[in-house]
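To keep things clear, I will list the structure first and then write my remarks on it.
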Amino acid sequence: MTNLVSKSHLAEDHHFPSPCFYVDDGFSGGNFQRPAFQQMISDMENGGIGIIVTKDLSRLGRNQLHTGLYIEERFPMFGVRYIAINDNVDTDSSENNDLMPFKNLFKNISCLGRVFC
C-alpha cells in the first residue's frame with residue numbers, strides 16, 4: 001500500500017490528472033503478455049491514456065527491442081508521452097533520451113539468467 005501512496009503523491013506533485021495504476025506483481029518484465037500491461041495498452045489504444053510513467057525503463061519491459069518499439073513507435077502513434085523517472089527519460093524532451101537505448105540494454109543484461117526480473 002505504501003508503494004501505491006508514493007505513486008499517488010508523485011502523480012499529484014507533477015500535476016498528472018486522474019492517475020490509474022497498472023501493477024503486474026509476480027510477472028517477469030521479460031514478458032509483455034502481463035495482464036495489467038495488456039490492460040494498459042488496451043486503455044491507451046482506446047484513448048484513455050495520455051502519459052505513461054514508470055520508475056525506470058525496466059519497469060516497462062526488459063526486452064530492449066520490444067520496449068524500444070513501444071517507446072518510439074506505439075506510444076507516439078497514440079499521442080502518449082512516456083516518462084522513466086530514474087533513467088531521466090521523457091519523450092517530450094528529446095535531449096534526455098539520447099542514451100535511452102543503452103540504459104535499457106544494460107538493465108536487460110543484468111536480468112539474464114533470472115526467472116523474475
Side-chain angles (χ1 to χ4, degrees):
M1 187 61 148
T2 303
N3 202 6
L4 190 56
V5 170
S6 66
K7 290 175 185 174
S8 295
H9 286 300
L10 174 76
E12 187 177 304
D13 290 347
H14 288 86
H15 309 287
F16 297 144
S18 308
C20 183
F21 303 99
Y22 300 87
V23 180
D24 276 320
D25 288 339
F27 288 87
S28 170
N31 176 359
F32 283 90
Q33 298 306 312
R34 306 182 312 260
F37 181 83
Q38 290 300 312
Q39 182 62 55
M40 180 185 73
I41 295 303
S42 176
D43 291 348
M44 175 189 75
E45 291 171 346
N46 291 322
I49 295 178
I51 302 169
I52 294 174
V53 180
T54 59
K55 174 183 168 184
D56 56 43
L57 288 163
S58 69
R59 298 300 175 177
L60 181 63
R62 297 256 184 193
N63 180 311
Q64 196 251 340
L65 180 63
H66 290 135
T67 301
L69 178 69
Y70 279 103
I71 295 169
E72 295 179 25
E73 298 291 329
R74 299 279 293 158
F75 295 164
M77 181 186 309
F78 291 95
V80 172
R81 175 184 177 190
Y82 174 69
I83 299 170
I85 297 166
N86 291 346
D87 291 319
N88 200 30
V89 170
D90 183 343
T91 57
D92 267 6
S93 174
S94 62
E95 64 192 44
N96 294 335
N97 302 327
D98 293 340
L99 297 176
M100 180 177 50
F102 299 106
K103 290 176 183 178
N104 200 27
L105 180 62
F106 286 119
K107 289 186 187 273
N108 291 333
I109 289 171
S110 70
C111 181
L112 292 176
R114 296 186 197 164
V115 176
F116 290 100
C117 302

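Keep in mind it's a predicted model, so treat the numbers as computed, not measured.
Residues R81 and D92 come closest through the heavy atom pair CD-OD2, 3.2 Å. Between R34 and R59, the shortest heavy-atom contact is NH2-O, 3.9 Å. In terms of heavy-atom proximity, D24 sits nearest to A36 at OD1-N, 2.8 Å. In this structure, T91 and V80 approach most closely via the heavy-atom pair OG1-O, 4.3 Å. Here the shortest heavy-atom pairing between T67 and G61 reads OG1-O, 3.1 Å.
Between atom CD of residue Q64 and atom CD1 of residue I71 there is a gap of 9.0 Å, rounded to the nearest 0.5 Å. Between atom CG of residue L57 and atom CG of residue N88 there is a gap of 10.5 Å, rounded to the nearest 0.5 Å.
At a threshold of 4.5 Å between side-chain heavy atoms, the hydrophobic network of Ile, Leu, Val, Met, Phe, Trp and Tyr places M40 and M77 in one connected group.
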Query raised in the report: Can you check side chain to side chain contact (heavy atoms under 4.5 Å, CB included) on T54 and V89, steps first, answer last?
Result: CA-CA 10 Å; T54 59; V89 170; over 6 Å; no
Requested in this report: Kindly determine whether M44 and F75 satisfy side chain to side chain contact (heavy atoms under 4.5 Å, CB included), including the steps that lead there.
Outcome: CA-CA 8 Å; M44 175 189 75; F75 295 164; 3.4 Å; yes
Report task. Let me see the working for N63 and Y70 under side chain to side chain contact (heavy atoms under 4.5 Å, CB included), right down to the final yes or no. Result -> CA-CA 11 Å; N63 180 311; Y70 279 103; over 6 Å; no
Requested in this report: Given side chain to side chain contact (heavy atoms under 4.5 Å, CB included), test I85 with D56 step by step and report yes or no.
Outcome: CA-CA 6 Å; I85 297 166; D56 56 43; over 6 Å; no
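Side chains of D90 and Y82: a donor-acceptor N/O pair is absent below 3.5 angstrom, by distance only.
Within the 4.5 Å cutoff, the side chain of I41 has heavy atoms near those of the R74 side chain.
Annotation: Y22 is not in aromatic contact with F37 [ring centroid separation under 6.0 Å not met].
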